[in-house]
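Just so we're on the same page: letters track the sequence lines, and every chain starts at 1.
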Number of protein chains: 4
Amino acid sequence: MNKKRAQILNAAIELFSLNGAWNTPTAKIAKHAGVANGTLFNYFSSKQILVDEVYIEIKKDLAEFIVPASLGKSFESNLRLLWHNYIIWGVRKPLHYNLLLQLRNSEMLSEEAKVKADEIFQGIMGILEKGMSDKKIVPLPIKYLSELIMAQTDAAINFAKLHQMEKEKLEEHIKRSFSVFWHGAKT
Amino acid sequence: MNKKRAQILNAAIELFSLNGAWNTPTAKIAKHAGVANGTLFNYFSSKQILVDEVYIEIKKDLAEFIVPASLGKSFESNLRLLWHNYIIWGVRKPLHYNLLLQLRNSEMLSEEAKVKADEIFQGIMGILEKGMSDKKIVPLPIKYLSELIMAQTDAAINFAKLHQMEKEKLEEHIKRSFSVFWHGAKT
Amino acid sequence: MNKKRAQILNAAIELFSLNGAWNTPTAKIAKHAGVANGTLFNYFSSKQILVDEVYIEIKKDLAEFIVPASLGKSFESNLRLLWHNYIIWGVRKPLHYNLLLQLRNSEMLSEEAKVKADEIFQGIMGILEKGMSDKKIVPLPIKYLSELIMAQTDAAINFAKLHQMEKEKLEEHIKRSFSVFWHGAKT
Amino acid sequence: MNKKRAQILNAAIELFSLNGAWNTPTAKIAKHAGVANGTLFNYFSSKQILVDEVYIEIKKDLAEFIVPASLGKSFESNLRLLWHNYIIWGVRKPLHYNLLLQLRNSEMLSEEAKVKADEIFQGIMGILEKGMSDKKIVPLPIKYLSELIMAQTDAAINFAKLHQMEKEKLEEHIKRSFSVFWHGAKT
DNA sequence: AATGAATGAGACTTCATTCAT
DNA sequence: TATGAATGAAGTCTCATTCAT
């Protein structure tokens, strides 16, 4: 990939996360990235597109991070791993995570970007669908199930960050949060 | 209360929700509210303050709506009612609900506003704390429990809106969502 | 005279002097004067007129203060008294004095106000003219002479204020400053 | 130096002088300078800073103009030259001169600007100090002496402009004005 | 006469975007 | 391809003035 493009994306993620995308000027991003003002527009033809690409970049990073290299045998263990990895990602990459939340409900994303970002998660959706059709879990619409998982892991991430949890304590917290979910959702 | 102030607040809520607070000019709000440009600043001395007050207004509206007039006997029934009312509110007031999510992670709110908004929910927090200390529910930090509830109800609201649920269907959905939660959390 | 009118004038003098007339809103003047916003415009139909009236008020105050009740016999003693009184006025009424300087070169005064203010000093000009025609002083255009006097007294006032002179020290300073002038200008 | 910057400074000096800095919009300055609205702010990050820089520019121009290329032998001749040059400058550059007076007492200048502007005149102050310590002049505080000189030359400039003096007549006027001063101040 | 809420023109300033170098 | 000065539309906010009470 292109180096300058990556610099700009990273600068944007950092500044967007800290100050809000809506009040981060492109000029500041360029400066933070160590490139000229106009260079940014050689790589991203408008700020709208930059925002979209930042969102997609984050979603890609997340998807790569949480998908297990190889799927285990049981649905529960696969789901537990996804659950675990998502929380770890959220804790380890606070800027990315914060920005993800920020953009999700901001009315700043184009429809195209949302669709594209969803596509990245189709593989993960597949795992859930499989578990559902195998009746490993209470029958819920797949879309609702995923929202539910995301919602509960978000709560877990926020709480872990609030208490600056690390290592064993964090693992314990993840375990417990999954346990609460699994108790309610398993068949 | 003051009529013009309310007009402005309502106009702001509507436009913020539809277009994003970050790209709703104060001039448009004033026009939509049927007042002059400068009048807005007689009531809200800056856009920042308007945003803060909008957020507080929404939280107040929500708190009023979900708190049961009289608390029932059992913790479960009280919690079930809160759960129910929150989802109803989210479905009935989509603009308010959407804006609530938008502002929460936007970096647009002042710290003062966040604190003030939290104070509005202290009564509701009290209900949870009571249930917890009475061991009606698995021992979780109260802050995490509330995040968890909010997260799951948010998921339920999103899903209900996605499928434009109403009446019996909506009630059924609410019931099921609570059931999943209660299963996982009850002692 | 009218009490409210005087309150407004005094408030204006104070605020104009401290912050500059150009950035003192009429609303602040009204508040400082303890009257309503609109009341100010009952007495002064525009800010321009208020500024003009403030200037005239100051000039009147100054003229009243410096003109000796009864003129002495010698031109020198009369002039010495004017000189003395002007400096005393400038030191005792720093707000008035400061504002006088501020307005003089500000392009904020209407031509009418300047003319009116000059009329107030015609009596004093008469004294100078008399001394000139009696050849008590080197032949200079009367207008230049008055400028010269004002200029030197201004310098004396600034210096006295800089060193916070009072009583004997101030009197000594005034004496010396007049002496320098008189040495240069007497015939 | 930078061409656009100079254009803006010159436009500002002209418009400030004619209409007062307080009621010259930045938009008018930009237009008069032949640049876009925003360009002005590339060179002067706020109107306050533009005003400050205008003041400093004028003081620099004045200092350059009045300081003699080489100092003569006698203190009197050096002082006479400064006196002469200042008056000539004031008459030849009426816009600059008018604005200098306007800004001096306007409460529009930042303290930094005043300090910076004073530094420009340190060389000239040195000349006066030398004359003082050599007892060529009555013992007066240096600060007062400079105020006195400025005050009298200001009077001379105003009078010269009032009568639209030129060439011999102007030179004669300057000579006389210095003579009045020197008579009063020499030892 | 006194009030003060309402007005809206206009001020300063920001910033996404362009384009000549 | 990279630059960064220039642009000007558009945003937030101020404030002299009006007018119904």
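- Between the P atom of F/dG11 and the CD1 atom of B/Ile29 lies a distance of 11 Å, rounded to the nearest Å.
- Put simply, NZ on A/Lys31 is 15 Å from P on E/dA16, counting in whole angstrom units.
- Take the nearest nucleotide of DNA chain E for A/Thr24 and for D/Trp22: the residue whose nucleotide is more 5' is D/Trp22.
- A sub-4.0 Å separation between OP1 or OP2 of F/dA6 and a side-chain N or O of D/Lys4 is present.
- No donor-acceptor pair under 3.5 Å is formed between the side chain of A/Asp52 and the backbone N or O of A/Glu112.
- Closest to the D/Ser46 side chain, of the nucleotides F/dC13, F/dT7, E/dT13, is E/dT13.
- Here F/dA20 sits opposite E/dT3 as a Watson-Crick or G-U wobble pair (both hydrogen-bonding atom distances under 3.5 Å).
- Atom CG in A/Leu15 sits about 15 Å away from atom C1' in E/dC15, given to the nearest Å.
- Pair assignment for F/dC15 gives E/dG8, based on Watson-Crick or G-U wobble hydrogen-bonding distances that are each under 3.5 Å.
- Nearest to the side-chain atoms of D/Phe41 among the listed nucleotides E/dT14, F/dT14, E/dA16 stands E/dT14.
- Remark: P of E/dT14 and CZ of D/Phe44 are 15 Å apart, rounded to the nearest angstrom.
- Ranked by how close their nearest DNA chain F nucleotide is to the 5' end, D/Asn37 and C/Gln48 are led by D/Asn37.
- Remark: the backbone N or O of D/Phe16 is paired with a side-chain donor or acceptor of D/Gln102 at under 3.5 angstrom.
- Listed pair C/Tyr43 / E/dA1 fails the phosphate criterion, with no side-chain N or O lying under 4.0 Å from OP1 or OP2.
- Considering only heavy atoms from C-beta on, C/Lys161 comes within 4.5 Å of C/Tyr97 through its side chain.
- Nearest-nucleotide assignment on DNA chain F puts the 5′-proximal partner with D/Asn42, out of D/Asn42 and C/Asn23.
- For the pair C/Thr39 and D/Lys47, both in contact range of DNA chain E, the more 5′-proximal nearest nucleotide belongs to C/Thr39.
- At a threshold of 4.5 Å between non-hydrogen side-chain atoms, the residues A/Lys60 and A/Ile56 count as touching.
- Rounded to whole Å, the distance from CD1 on C/Ile8 to P on F/dT17 is 14 Å.
- Protein atom CG of C/Leu40 is 14 Å distant from nucleotide atom P of E/dG4, rounded to whole Å.
- Within the 4.0 Å cut-off from OP1 or OP2 of E/dC12, at least one side-chain nitrogen or oxygen of D/Thr26 is found.
- The NZ atom of A/Lys28 sits 14 Å away from the C1' atom of E/dA16 (whole-angstrom rounding).
- Stacking of C/Lys4 on the aromatic ring of C/Tyr43 is not recorded, the 6.0 Å distance cut-off and the 45° axial limit not both being met.
- Whole-Å rounding puts the D/Arg5 CZ to F/dA6 C1' distance at 17 Å.
- Considering only side-chain atoms of A/Val35, the nucleotide from F/dT7, E/dT3, F/dT3 that sits closest is F/dT3.
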